[in-house]
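What follows is a short report on a single structure.
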Amino acid sequence: MPLQNRVTPFGEIVAAAWRGGAMGNRGRLHGKDRTLGRARWAGKAWITCLLDFKGRQRTVMAPGSYTELFFSDEAVALAAGHRPCAECRRSDYTAFRAAFARAFPEAGPTPRAREMDERLHAARRDTTADRRLRAGAVPAGVFATPDERRALLRWHGAWWEWSDGTYRPAECDPDALLRPLTPAPLIAVLEAGYLIGIQPEI
């Protein structure tokens, strides 16, 4: 049986067989039996890592270790609220930090990881937000939903529907109002010029 460690654009952690293109970490969420408890995070630093880095080998969901989560690509990871890792994805992290500084000038020219994580975590926990975006104004790399069932990605001027780790072309009225799945601060970072490093396979 697949482990419950695949993440959807809705932020749900599911058991699925599709292989991820990126790994995530938000702390230890599993027990000795390699199943998840109630917690869906253990700390505010939610990061996205490379699958392979310096030949390191890990046992997935090892006792006492963090829970390895998997995304099909970085667009899904951003929708789930994760930022690039500062170690294995240093160049992407540097680009992300620069875009974050442009999006949030009050954070200064080189915001610290802790400051970025605080803002991202506050947005992830905000259950009162009820934003809507006009489909024609959704930036590239952002996920949105028209009906709480379909996760649509805006990419290269077109819409793509995500399903089980893959994409298929989708239609969307430019004037339709969609609920963004990507948290607002991460939309701002994308609008400020951050280019997704681990790209969707479309």
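Along the sequence shown, residues carry numbers from 1.
Between the CZ atom of Arg112 and the CG atom of Asp117 there is a distance of 11.0 Å, given to the nearest 0.5 Å. Met23 contributes atom CE, which lies 11.0 Å from atom OG1 of Thr67 (distance to the nearest 0.5 angstrom). Going from atom CZ of Arg131 over to atom OG1 of Thr182 covers 10.0 Å, rounded to the nearest 0.5 Å. Rounding to the nearest 0.5 Å gives a distance of 12.0 Å between CG of Leu78 and CG of Leu181. The line from CZ of Phe71 to SG of Cys49 is 9.0 Å long, rounded to the nearest 0.5 Å. Atom CZ of Phe143 is separated from atom CH2 of Trp155 by 10.0 Å, given to the nearest 0.5 angstrom.
Residue-environment remark: CG (Leu195) stays at or below the threshold of 12 foreign heavy atoms within 6.0 Å. Other residues, nucleotides and ligands contribute over 12 non-hydrogen atoms within 6.0 Å of the CZ atom of Arg40. Around CD of Glu106, the count of heavy atoms belonging to other residues, nucleotides or ligands within 6.0 Å exceeds 12. Atom CD of Glu171 is surrounded by 12 or fewer heavy atoms from other residues, nucleotides or ligands within 6.0 Å. Other residues, nucleotides and ligands contribute more than 12 heavy atoms inside 6.0 Å of the CZ atom of Arg58. Few gaps surround CG on Asp147; more than 12 heavy atoms of other groups in view lie less than 6.0 Å from it.
One hydrophobic cluster, built from ILVMFWY side chains closer than 4.5 Å, holds both Tyr167 and Val142. In this structure, Tyr93 is a member of the same hydrophobic cluster as Leu190, with clusters built from ILVMFWY side-chain heavy atoms closer than 4.5 Å. Hydrophobic clustering keeps Leu36 apart from Val14 (ILVMFWY residues linked when any side-chain heavy atoms are closer than 4.5 Å, directly or through intermediates). Under a hydrophobic-cluster definition in which Ile, Leu, Val, Met, Phe, Trp and Tyr are linked whenever side-chain heavy atoms come within less than 4.5 Å, directly or via other members, Leu133 and Trp159 are assigned to the same cluster. Cluster membership check: Leu153 shares its hydrophobic cluster with Ile187, using side-chain heavy-atom separations under 4.5 Å among Ile, Leu, Val, Met, Phe, Trp and Tyr.
The two residues Arg26 and Ile13 make their nearest non-hydrogen contact at NH1-CD1, 4.0 Å. The two residues Pro146 and Leu152 have their closest heavy-atom pair at CD-CD1, 4.0 Å. The nearest pair of heavy atoms linking Ala80 to Gly11 is CB-CA, 4.3 Å. Residues Gly21 and Ile198 approach most closely at O-CG2, 3.5 Å, considering heavy atoms. Here the closest non-hydrogen pair linking Thr145 and Arg150 is OG1-O, 2.7 Å. Closest approach of Asp173 to Ala135, counting heavy atoms only: O-CB, 3.2 Å.
A donor-acceptor pair under 3.5 Å is absent between the side-chain atoms of His156 and the main chain of Ala140, judged by distance alone. A distance-only check finds a donor-acceptor pair linking the side chain of Glu74 to the backbone of Gly197 [under 3.5 Å]. A donor-acceptor contact shorter than 3.5 Å is absent between the side chain of Thr48 and the backbone of Gly24. Listed for the Arg124 side chain is a donor-acceptor partner under 3.5 Å among the backbone atoms of Gly81.
At least one side-chain heavy atom of Asn5 sits under 4.5 Å from a side-chain heavy atom of Met61. Side-chain contact check for Leu50 versus Arg89: some heavy-atom pair is nearer than 4.5 Å. Residues Glu68 and Tyr66 meet the side-chain proximity criterion, which asks for heavy atoms closer than 4.5 Å. A 4.5 Å side-chain heavy-atom check between Pro185 and Met116 finds every atom pair outside the cut-off. For the pair Arg134/Asp175, a side-chain contact is recorded, criterion being any heavy-atom separation below 4.5 Å from C-beta on. No side-chain heavy atom of Ser72 sits under 4.5 Å from any side-chain heavy atom of Thr166. You'll find the side chain of Trp41 reaches within 4.5 Å of the side chain of His121, heavy atoms only. For the pair Arg119 and Pro111, the minimum side-chain heavy-atom distance is 4.5 Å or more.
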Start with the C-alpha distance between Val76 and Phe70, add both sets of side-chain angles, then the distance that settles side chain to side chain contact (heavy atoms under 4.5 Å, CB included), and finish with yes or no.
-> CA-CA 10 Å; Val76 175; Phe70 295 93; over 6 Å; no
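A cation-pi arrangement is not found for Arg83 relative to Tyr194, the charged atom failing to lie both closer than 6.0 Å to the ring centre and inside a 45° cone about the ring normal.
Under the side-chain contact (heavy atoms from CB on, under 4.5 Å) rule, Leu69 has a single partner from Val60, Val7, Asn25, which is Val7.
The pair Glu87-Arg56 meets the salt-bridge criterion, with a side-chain N (NZ, NE, NH1 or NH2) lying under 4.0 Å from an Asp/Glu carboxylate O.
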